Amino acid sequence: MTLAKWFAPRDGNAPGAGAPAAAARSPAPGPGTTAPLAPAAAALPRTEPTLPRHRGVLRTELRVTDIVALIDARDDHLLHILHSEQQRRSVVLRHFVNELRKRNYRIDPTTYSVPITTLQQLQEEERSAESAKFLPATPKTQPEAPELRMFIDLMSAAVRYGASDVRLSVQHGGGMDRTLASMRINGQKRSIPVKMSAAQGEKMIGSAYATFISAGSGNVELWSGEQRQEGFMSIPAARDLRLRYNLIPMADGASGAKGPDVSLRLLGWKGRSMRFRSPLEAGFSADQAEDLAAAAESPRGLMLIVGPTGSGKSTLLATLLGQHPDVLAGSINCFTIEDPPEIDVPGVRAVPIKRANKDRGSGKSDDDAFVGAMRDLLRHDPDICVPGEIRDAVSCGLVSQMTYSHKVMCTFHASDFISTLLRLCSKEIAYPPSSLGAAPLAGGLVAVASVLLLPRLCPNCSRPASSDDEIRPGDERALREHYGLALSALRVAGGGCEHCNHDPCGFMGRTSIGEIVTPDREISALIRQEDFHGAYRRYRSFSDGRLDSPVMRGKTLFEHALSKALAGHVSIVDVIKLVDSPAMQAAMDERRPTAHSGAHA
């Protein structure tokens, strides 16, 4: 049996039109018969498939009947897709393969082959869809309210511009009657012009809560702008957007204005998830990605991912779990404790925490649900525990118990390796230094990954830096004297172009910078002795002292950022803002790497 093509598009204008028309228009089989297959593949020209167009617009949502795929028939049971390099580069066919995977069809990851029964199932699905067109039309639902339509349009715009957060602020009283909207795009806050009164804004947010809040995720059943609310939303009309919803009632003491303030964190949409395929894709160097993978795959011990809010901690955590071979194979038990659950990784089971609203000024802790879930999880045969964040002495004690017989991966609010150790071992949290400095198999510290996100420059419109940019003379002198860098070797953002979708700041997404410390025996011994600065000096001794080197082991967050600035990936203005000092706090590093003398004279 040989296979030539699948179905011809409805308009008949796809490549491969040289095939006999009868094959493209063969009648549908009757009940109980097998779907007809087309002639031999050798008879068809090897042309590159293209996406069909509708009114001149390239369509991105494909149906099986919209594809003409050249199939290499190597046996009687498998359809081999993407069998040539040309077809492997085809966006159309790669998208088609991804669509098959989303629909739970089994595809061989090496040969990109699918069973012939898949073709027959697809034929049946499309015949059913075509027949549905002739069924009596169902009564139309009532049209969307203008406020709900406005919310959907805002979320669609956020998806289009790749925003990470959307904020809606309703202000009434004190002479105010307005609703403000903003988005965080590439780490920069952008105001969105909306003409909406406070009453319209509250109606928009309330309608969205009632319509899109996921069942069981909201902490209150009915929307109210006068109490804290949180939960998840799913918006099919905005490319199946998933977002985290959080509302806090606000009051402006100066003007007397008050009203609900809503923060919406975008978690992913169709074609984009919150995790990367690997740390390399996120922006880490090859040696950092290797250290991160080794730390994540160690059987026991504590791995910490630290950084401020919005630094990409949860994204990196999801990325590491998503590429863990044992998690993917389902050979270990991996659990997360989240409020609300955000990490959507196959093989990882989330324990949702639904907390009641409590008065934070009452002195009562709202972490009781976390602590209870952590205790329950210890009796649930876990291999990898992801208990959210170490918050206080109680959760710290439970994490310390977990590390003796399980692998624990946590996020933590700190800026770097030293501040992480100082805060962990403080009186507030009281993590025992003897436990942190133990061997990994005895529950010790496996890695501390300090991460930050910086806007990525558009390679098309970025330009060389000059003294006219936001660079103070002291900063320019420090770059030249301590790091051997001239401004002419560095770049800053341009004004936007077609390549970056006319971004006003000239950015294209964000990239990660990191400082990955994996303690060796000497570092662990210094931690047990509470000589944290000595442990950090030991880590710094691994640096090769070069900014133009691809190896980041032993280097700081600031040096990783300088290395990316030297490569033209990030703006030197954003790098200087990391330390915000005329001399860029050159004294904080005992050993300063210098650029290659011949490359940046």
Side-chain angles (χ1 to χ4, degrees), residues 143-214 217-218 220 223-270 272 274 309-310 453 455 496 500-507 509-510:
E144 296 172 344
E147 291 81 5
L148 187 60
R149 184 70 254 173
M150 179 65 175
F151 182 83
I152 295 174
D153 291 343
L154 276 173
M155 296 303 105
S156 299
V159 169
R160 187 165 59 252
Y161 290 109
S164 60
D165 299 86
V166 177
R167 182 174 294 277
L168 302 171
S169 180
V170 176
Q171 299 176 355
H172 57 78
M176 298 287 188
D177 183 17
R178 62 183 182 179
T179 298
L180 303 178
S182 64
M183 297 181 187
R184 191 167 293 278
I185 303 172
N186 301 325
Q188 312 295 314
K189 182 180 178 181
R190 312 277 176 81
S191 297
I192 307 299
V194 293
K195 295 181 179 180
M196 189 176 292
S197 66
Q200 290 173 320
E202 289 190 342
K203 186 175 181 180
M204 176 183 70
I205 298 169
S207 299
Y209 186 89
T211 305
F212 300 123
I213 199 72
S214 299
S217 71
V220 293
W223 184 85
S224 171
E226 299 179 355
Q227 60 179 322
R228 292 182 61 249
Q229 293 178 325
E230 56 190 18
F232 277 118
M233 285 186 175
S234 181
I235 308 175
R239 293 182 61 182
D240 292 330
L241 172 65
R242 291 180 63 251
L243 51 85
R244 186 183 66 203
Y245 167 94
N246 188 274
L247 181 148
I248 301 177
M250 293 289 186
D252 189 336
S255 65
K258 61 180 182 179
D261 193 275
V262 176
S263 175
L264 303 168
R265 168 64 60 88
L266 279 68
L267 302 178
W269 53 85
K270 188 175 182 180
R272 176 173 172 177
M274 71 170 290
T309 301
L453 291 171
C500 59
N501 199 23
H502 296 285
D503 185 89
C505 294
F507 294 138
R510 291 189 288 177

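Remember, it's a predicted structure, so these values are computed and weren't measured experimentally. Values reported hereafter were calculated over all heavy atoms of this structure, with side chains retained and with hydrogens, waters and symmetry mates removed.
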Chemist: About how many Å separate CG of L168 and CE of M183, when rounded to the nearest 0.5 Å?
Modeler: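 Spacing of CE (M183) from CG (L168) equals 9.0 Å.
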
Chemist: Where do S234 and P236 come nearest, in terms of heavy atoms and distance?
Modeler: O-CD, 3.5 Å

Chemist: Are R242 and F232 in a cation-pi contact, defined as NZ or CZ under 6.0 Å from the six-membered ring centre and within 45° of the axis?
Modeler: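 Yes; both conditions hold, so R242 lies above the ring face of F232.
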
Chemist: Run the side chain to side chain contact (heavy atoms under 4.5 Å, CB included) check on D261 and R167 step by step: do they pass?
Modeler: CA-CA 7 Å; D261 193 275; R167 182 174 294 277; 2.4 Å; yes

Chemist: Take F212 and F151 through the side chain to side chain contact (heavy atoms under 4.5 Å, CB included) test and state the conclusion after the steps.
Modeler: CA-CA 11 Å; F212 300 123; F151 182 83; 4.0 Å; yes

Chemist: Do the side chains of M150 and V194 get nearer than 4.5 Å, heavy atoms only?
Modeler: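 Side-chain contact under 4.5 Å: yes.
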
Chemist: Looking at R265 and D165, does any basic side-chain N land under 4.0 Å from a carboxylate oxygen?
Modeler: yes

Chemist: Establish, from distance only, whether the side-chain atoms of E230 and Y245 form a donor-acceptor pair under 3.5 Å.
Modeler: no

Chemist: Measure across S224 and Q229 and return the closest heavy-atom pair with its distance rounded to 0.1 Å.
Modeler: N-NE2, 3.0 Å

Chemist: Between Q171 and L180, does a side chain to side chain contact (heavy atoms under 4.5 Å, CB included) hold up when you go through it step by step?
Modeler: CA-CA 8 Å; Q171 299 176 355; L180 303 178; 3.7 Å; yes

Chemist: To the nearest 0.5 Å, what is the distance between OG on S182 and CD on Q188?
Modeler: 12.5 Å

Chemist: What I'd like to find out is whether the side chain of L154 reaches to under 4.5 Å of the side chain of V166, using heavy atoms alone.
Modeler: no

Chemist: What distance separates L453 CG from N186 CG, expressed to the nearest 0.5 Å?
Modeler: 10.5 Å

Chemist: Would you name the heavy atoms of D177 and A199 that are closest together and state the gap between them?
Modeler: OD1-N, 4.3 Å

Chemist: Quick one: which residue pairs count as a salt bridge (charged side-chain N to carboxylate O under 4.0 Å, His left out) with a foot in residues 179-195, not counting sequence neighbours?
Modeler: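 Listed by first then second residue: R190-D503.
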
Chemist: Does any part of the side chain of R228, heavy atoms only, come nearer than 4.5 Å to the side chain of P249, both counted from C-beta?
Modeler: yes

Chemist: Show, in sequence, the C-alpha distance, side-chain angles and deciding distance for I235 and L243, and conclude whether the side chain to side chain contact (heavy atoms under 4.5 Å, CB included) test is met.
Modeler: CA-CA 8 Å; I235 308 175; L243 51 85; 3.9 Å; yes

Chemist: When rounded to the nearest 0.5 angstrom, what is the spacing between CD in E202 and CD in E226?
Modeler: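 The CD atom of E202 sits 8.0 Å away from the CD atom of E226.
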
Chemist: Donor-acceptor pair, distance only, cut-off 3.5 Å: does the side chain of S263 make one with the backbone of N246?
Modeler: no

Chemist: For A163 and I185, which heavy atoms make the closest approach, and how far apart are they?
Modeler: CB-CG1, 4.0 Å

Chemist: Working to the nearest 0.5 angstrom, can you tell me the gap between I213 CD1 and M233 CE?
Modeler: 4.5 Å

Chemist: Minimum heavy-atom separation for H172 to A198, with atom names?
Modeler: CB-CB, 3.7 Å

Chemist: Do S164 and R510 make a side-chain contact, defined as non-hydrogen atoms from C-beta onward lying under 4.5 Å apart?
Modeler: yes

Chemist: To the nearest 0.5 Å, tell me how far E147 CD sits from I152 CD1.
Modeler: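 The CD1 atom of I152 is 12.0 Å from CD of E147, to the nearest 0.5 Å.
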
Chemist: According to salt bridge (Lys or Arg N to Asp or Glu O under 4.0 Å), who are the partners of R160, at least two apart in sequence or on a separate chain?
Modeler: none

Chemist: To check you understand the geometry: which heavy-atom pair defines the closest contact between C500 and F507, and what is its length?
Modeler: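 Taking C500 first and F507 second, the nearest heavy atoms are CB-O, 3.7 Å.
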
Chemist: Is the closest side-chain heavy-atom distance between M250 and P260 below 4.5 Å?
Modeler: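 No, every pair of side-chain atoms sits at 4.5 Å or beyond.
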
